[in-house]
Amino acid sequence: MKMRNDSTTYQRIWKIVQSIPHGRVATYGQVAVLAGFPGQARLVGYALHATPEEMKLPWHRVINSRGEISFPPDDHRYHIQKKLLELEGIIFQNNKIDLKIFRWNPGEKIP
DNA sequence: AACGTGACAAGGC
DNA sequence: AGCCTTGCCACGT
């Protein structure tokens, strides 16, 4: 996957994703706002898609606004992401995450 | 240059 | 509660 190394756009998004604490999640829209791109949730999805594996970004902590994983359930990536989240103690109910409980609030103390 | 697609989201019905 | 439409932006054809 090609990407623009000369742009700071992805880097700003990556920086936010990197700061999502273990055991918490953030939505694409939320990351977009925090990165300074309000209303551009799709850009976050695209940035994550273009993320090099070596970066070891906690991409799995980003989910959609409905508290769901944004992969089709039959996609292998869906199961990978769900597994990673469950290993962090995040609980799924009907394949959904309760954002009221697990959403990251940047305001509160970050470990 | 136009058009379609994608790890989105909000609003209308 | 679902499904559809529109707004978004970066890319590949």
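Owing to the predicted nature of the structure, the values given are computational and were not obtained by experimental measurement. Lettering follows sequence order; numbering is per chain, from 1.
Listed by first then second residue, pairs satisfying salt bridge (Lys or Arg N to Asp or Glu O under 4.0 Å) with a partner in residues 30-59 of chain A number zero, not counting sequence neighbours.
If you check every strand for non-hydrogen atoms under 4.0 Å, A:Leu48 touches a base.
Computed from coordinates, the A:Glu68 CD to C:dG2 C1' distance equals 12 Å when rounded to whole Å. One can place CZ of A:Arg66 at 10 Å from P of C:dG2, the figure rounded to the nearest angstrom. Whole-Å rounding puts the A:Asn95 CG to C:dG2 C1' distance at 17 Å. Taking atom CD1 of residue A:Ile13 and atom C1' of nucleotide C:dC8, one finds them 12 Å apart after rounding to whole Å.
One finds a salt bridge joining A:Arg61 and A:Glu88 here, because a Lys/Arg side-chain nitrogen approaches an Asp/Glu carboxylate oxygen to under 4.0 Å.
Under the side chain to side chain contact (heavy atoms under 4.5 Å, CB included) criterion, A:Val33 pairs with A:Pro38, sequence neighbours left out. Every salt bridge (charged side-chain N to carboxylate O under 4.0 Å, His left out) that A:Asp75 has, sequence neighbours left out, goes to A:Arg77. For A:Ser70, the side-chain hydrogen bond (donor to acceptor under 3.5 Å, both in side chains) partners at least two apart in sequence or on another chain are A:Asn64.
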Let me have the donor-acceptor pairs involving side chains of residues 93-101 of chain A, under 3.5 Å, with sequence neighbours excluded, atom names and distances please.
{"unit_1": "A:Asn95", "atom_1": "OD1", "unit_2": "A:Tyr78", "atom_2": "OH", "d": "3.4"}
{"unit_1": "A:Asn95", "atom_1": "OD1", "unit_2": "A:Lys82", "atom_2": "NZ", "d": "3.0"}
{"unit_1": "A:Asp98", "atom_1": "OD1", "unit_2": "A:Lys100", "atom_2": "N", "d": "3.0"}

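Considering only side-chain N and O atoms, A:Tyr10 lies under 4.0 angstrom from the phosphate OP1 or OP2 of C:dC11.
Using a 4.0 Å cutoff to heavy atoms of chain A, the contacted part of DNA chain B runs 5' to 3' from B:dG6 to B:dA10.
Going from the P atom of C:dG7 to that of B:dA7 covers 22 Å, rounded to whole Å.
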